[in-house]
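Note that the structure is predicted; figures quoted are calculated from it, not measured.
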Amino acid sequence: MNGPHDLGGQMGFGPIAPDPAEPKFHADWERRALGITLAAGTMGAWNIDESRHTRESLHPALYYNASYYEIWIRALEKLLERHGFVSADEIEAGHKVWKGVVPKRVLKAGDVAETLARGGPCDRAVLTAPKFKPGDRVRTINEHPTGHTRLPRYARGKTGVVEAWREGYVFPDTNAHGNGENPQHVYTVTFEGRELWGKKSDPALTVSIDAWESYLEHV
C-alpha cells in the first residue's frame, strides 16, 4: 500500500540529515517501547511483516506527528487488540479489564539474550529456478496494491539492471496478511538516477533496491 512511510522522492520533507552522535534512545520510555514490542512479538500471534505493515498502515496524520518509537507503540496497540490480547477500552483505561487471549509463548527474562541472538531468519528454499540473472535488464511492475508491499513507489514501472541474486526469502506481501510465506527469489536491482528522478537529476546517481521476483519482468 502507499502508506505514509513510503517517502522516497516525495517533496516537502527536506533533506535527511543523520546525526552520527544521535543516542539509541532519547528517553527511557523509548527503551521500554522497544523491549515491549520485541517481547510481544515472541508471543507468536503475528509475524514481522504483519507488524511492519501495521506500523505503515497508521493514519498519515498520526504517523507524521509521531516519533519513531511512538509509531511502534501505536502499532503494537493495534496488533494486541487485533489478536485479542487487549480491548480498546483497556487501552483507554490503561489497565486490564477483560480476560484476553492466552499467548502461545511468553518471553522470560533468562531467554532474552538467546532469543535475540537467534533472530527471525526469513531466508527460505525456492524450488523453481531464478527467472533473472546478474546483468539482465528488468522493469518493475507498476501496481499500487491496497495491501502490504516492499516495492517502493519511486521504483515502480522503472527499468534497471539486476546486480545480484539473493536466493529465496519469505514474500512479505502475502506473509503480512496471513496468506502464507510463499518464498521467492530476491534480486538487487540498480537504477540510474535519471530513470527514477528525471533528466535533471545527478547523472552519477544510482539507486539499488532488493526486489522480490514477482516485482520484476524482463525488458
Asks: Does Leu107 belong to the same Ile/Leu/Val/Met/Phe/Trp/Tyr cluster as Val101, with side-chain heavy atoms less than 4.5 Å apart forming each link?
Replies: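 Shared cluster, no.
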Asks: Do Val106 and Ile36 land in one hydrophobic cluster if side-chain heavy atoms of ILVMFWY residues count as linked below 4.5 Å?
Replies: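 Shared cluster, no.
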Asks: With sequence neighbours left out, what residues match Phe191 under ring-ring contact (aromatic ring centres under 6.0 Å, His included)?
Replies: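 Scan of Phe191 (ring-ring contact (aromatic ring centres under 6.0 Å, His included), adjacent residues dropped) gives none.
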Asks: Can you name the residues that form a side chain to side chain donor-acceptor pair (under 3.5 Å) with Trp212, not counting sequence neighbours?
Replies: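 Listed in chain order: nothing, the list is empty.
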Asks: What closest approach, in Å, do Thr149 and Met1 show between heavy atoms, and which atom pair accounts for it?
Replies: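 That closest heavy-atom pairing would be CG2-N, 3.6 Å.
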Asks: Scan the side chains in residues 75-82 for donor-acceptor partners under 3.5 Å anywhere in the protein, sequence neighbours excluded, and list what turns up.
Replies:
{"residue": "Arg82", "atom": "NH1", "partner": "Glu50", "partner atom": "OE2", "Å": "2.8"}
{"residue": "Arg82", "atom": "NH1", "partner": "Thr54", "partner atom": "OG1", "Å": "3.3"}

Asks: Counting distance only, does the side-chain N/O of Asp6 pair as donor-acceptor with the main-chain N or O of Asn2 below 3.5 Å?
Replies: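 Not at all, since once roles are kept as given, no pair shorter than 3.5 Å links the two residues.
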Asks: Using only atom types and a distance under 3.5 Å, with no angle test, would you say the side chain of Arg194 pairs donor to acceptor with the backbone of Lys200?
Replies: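 No.
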Asks: Suppose the criterion is salt bridge (charged side-chain N to carboxylate O under 4.0 Å, His left out): which pairs have a residue in residues 56-71, not counting sequence neighbours?
Replies: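 The answer is Glu56-Arg150, Glu70-Arg74.
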Asks: Who passes side chain to side chain donor-acceptor pair (under 3.5 Å) against Asn47, sequence neighbours left out?
Replies: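 Side chain to side chain donor-acceptor pair (under 3.5 Å) check on Asn47 returns Asn175.
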Asks: Out of curiosity, Ser87 OG to Lys96 NZ, how far, rounded to the nearest 0.5 Å?
Replies: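 NZ of Lys96 is found 11.0 Å from OG of Ser87.
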Asks: Can you see which heavy atom on Ile48 is nearest to which on Ser51, and at what distance?
Replies: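 Looking at all heavy atoms of both residues, the closest pair is O-OG, 2.7 Å.
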Asks: Side-chain atoms of residues 112-127: list all donor-acceptor pairs with protein atoms under 3.5 Å, sequence neighbours left out, distances to 0.1 Å.
Replies:
{"residue": "Thr115", "atom": "OG1", "partner": "Asp111", "partner atom": "O", "Å": "2.7"}
{"residue": "Arg124", "atom": "NE", "partner": "Glu181", "partner atom": "OE1", "Å": "2.8"}
{"residue": "Arg124", "atom": "NH1", "partner": "Pro121", "partner atom": "O", "Å": "3.0"}
{"residue": "Arg124", "atom": "NH2", "partner": "Glu181", "partner atom": "OE2", "Å": "3.0"}

Asks: Quick one: OG1 on Thr159 to CD on Glu195, what's the gap to the nearest 0.5 Å?
Replies: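 So the OG1 of Thr159 and the CD of Glu195 are separated by 5.0 Å.
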Asks: Less than 4.5 Å apart, any side-chain heavy atom of Tyr63 and any of His5?
Replies: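 The answer is yes, as the side chains (C-beta and beyond) meet within the 4.5 Å cut-off.
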Asks: Take Asn142 and Arg153, measure what side-chain hydrogen bond (donor to acceptor under 3.5 Å, both in side chains) needs, and give me the verdict at the end.
Replies: CA-CA 9 Å; Asn142 185 16; Arg153 266 180 292 182; over 6 Å; no
Asks: Under 3.5 Å, which donor-acceptor pairs link side chains of residues 26-35 to any protein atom two or more places apart or in another chain?
Replies:
{"residue": "His26", "atom": "NE2", "partner": "Glu22", "partner atom": "OE2", "Å": "3.1"}
{"residue": "Glu30", "atom": "OE1", "partner": "His26", "partner atom": "N", "Å": "2.6"}

Asks: CH2/Trp165 to NZ/Lys131 distance, rounded to the nearest 0.5 angstrom?
Replies: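 Those atoms lie 15.0 Å apart.
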Asks: Just do the side chain to side chain contact (heavy atoms under 4.5 Å, CB included) check on Val189 and Val138 with the steps written out, would you?
Replies: CA-CA 8 Å; Val189 181; Val138 294; 3.9 Å; yes
Asks: Can you list the residues that meet the ring-ring contact (aromatic ring centres under 6.0 Å, His included) rule with Trp197, with sequence neighbours excluded?
Replies: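 With sequence neighbours excluded, Trp197 shows a ring-ring contact (aromatic ring centres under 6.0 Å, His included) to Tyr154, given in chain and number order.
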Asks: For residues 77-108, pull every pair meeting ring-ring contact (aromatic ring centres under 6.0 Å, His included), keeping only residues two or more places apart or in separate chains.
Replies: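 Of all non-adjacent pairs touching residues 77-108, those that pass ring-ring contact (aromatic ring centres under 6.0 Å, His included) are Trp46-His83.
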Asks: Under 3.5 Å, is there a donor-acceptor pair between the side chain of His177 and the main chain of Asn179?
Replies: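 Between the backbone of Asn179 and the side chain of His177 there is no qualifying donor-acceptor contact (under 3.5 Å).
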Asks: With the 4.5 Å side-chain cut-off for hydrophobic clustering, are Phe13 and Leu58 part of the same group?
Replies: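 Hydrophobic grouping puts Phe13 with Leu58.
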Asks: Tell me the closest heavy-atom pair linking Pro4 and Pro60, and the distance in Å.
Replies: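 Of all heavy-atom pairs spanning Pro4 and Pro60, the closest is CB-CA, 4.0 Å.
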Asks: Can you tell me how far apart CG (Asp173) and CD (Glu143) are? Round to the nearest 0.5 Å.
Replies: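 Those atoms lie 10.0 Å apart.
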Asks: Filter on side chain to side chain donor-acceptor pair (under 3.5 Å), then keep only pairs touching residues 202-211, sequence neighbours left out; what's left?
Replies: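 Passing the test, one end in residues 202-211: Thr188-Asp210, Thr190-Ser208.
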Asks: Return the set of residues passing side chain to side chain contact (heavy atoms under 4.5 Å, CB included) with Val102 (not counting sequence neighbours), or none when no residue passes.
Replies: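 Once residues adjacent in sequence are excluded, Val102 has no partner under the side chain to side chain contact (heavy atoms under 4.5 Å, CB included) criterion.
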Asks: Using the side chain to side chain contact (heavy atoms under 4.5 Å, CB included) rule, take Asp49 and Val170 through it: C-alpha gap first, then chi angles, then the decisive distance, then the call.
Replies: CA-CA 9 Å; Asp49 295 309; Val170 172; 4.0 Å; yes
Asks: Please round to the nearest 0.5 Å and tell me the distance separating atom CE of Met43 and atom CZ of Arg105.
Replies: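 Those atoms lie 10.0 Å apart.
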Asks: Between Tyr215 and Phe171, does the side chain to side chain contact (heavy atoms under 4.5 Å, CB included) criterion hold? Intermediate values first, please.
Replies: CA-CA 11 Å; Tyr215 296 162; Phe171 188 43; 3.8 Å; yes
Asks: Please check: side-chain N/O of Glu213 versus main-chain N/O of His185, any donor-acceptor pairing under 3.5 Å?
Replies: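 Checked: no pair found.
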Asks: Is it the case that more than 12 heavy atoms not belonging to Gln10 sit under 6.0 Å from its CD atom?
Replies: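 More than 12 heavy atoms, drawn from other residues, nucleotides or ligands, come within 6.0 Å of this atom.
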Asks: Between CG of Leu216 and OG1 of Thr140, what distance do you get to the nearest 0.5 Å?
Replies: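 Nearest 0.5 Å value for the CG-OG1 distance: 7.0 Å.
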Asks: For atom CG of Leu196, is the number of surrounding heavy atoms from other residues, nucleotides or ligands below 6.0 Å larger than 12?
Replies: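 It does: Leu196 CG has more than 12 such atoms within range.
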Asks: Not counting sequence neighbours, list each pair that qualifies as a ring-ring contact (aromatic ring centres under 6.0 Å, His included) and has a residue in residues 125-152.
Replies: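 ring-ring contact (aromatic ring centres under 6.0 Å, His included) check on residues 125-152 returns His53-His148, Phe132-Tyr187, Phe132-His218.
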Asks: With hydrophobic residues grouped by side-chain heavy-atom distances under 4.5 Å, do Tyr68 and Leu38 end up in a single group?
Replies: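 Yes; tracing contacts between hydrophobic side chains, which count when under 4.5 Å, links both residues.
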Asks: If you group Ile, Leu, Val, Met, Phe, Trp and Tyr by side-chain heavy-atom gaps below 4.5 Å, do Trp72 and Val86 land in one group?
Replies: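 Result: no, two separate clusters.
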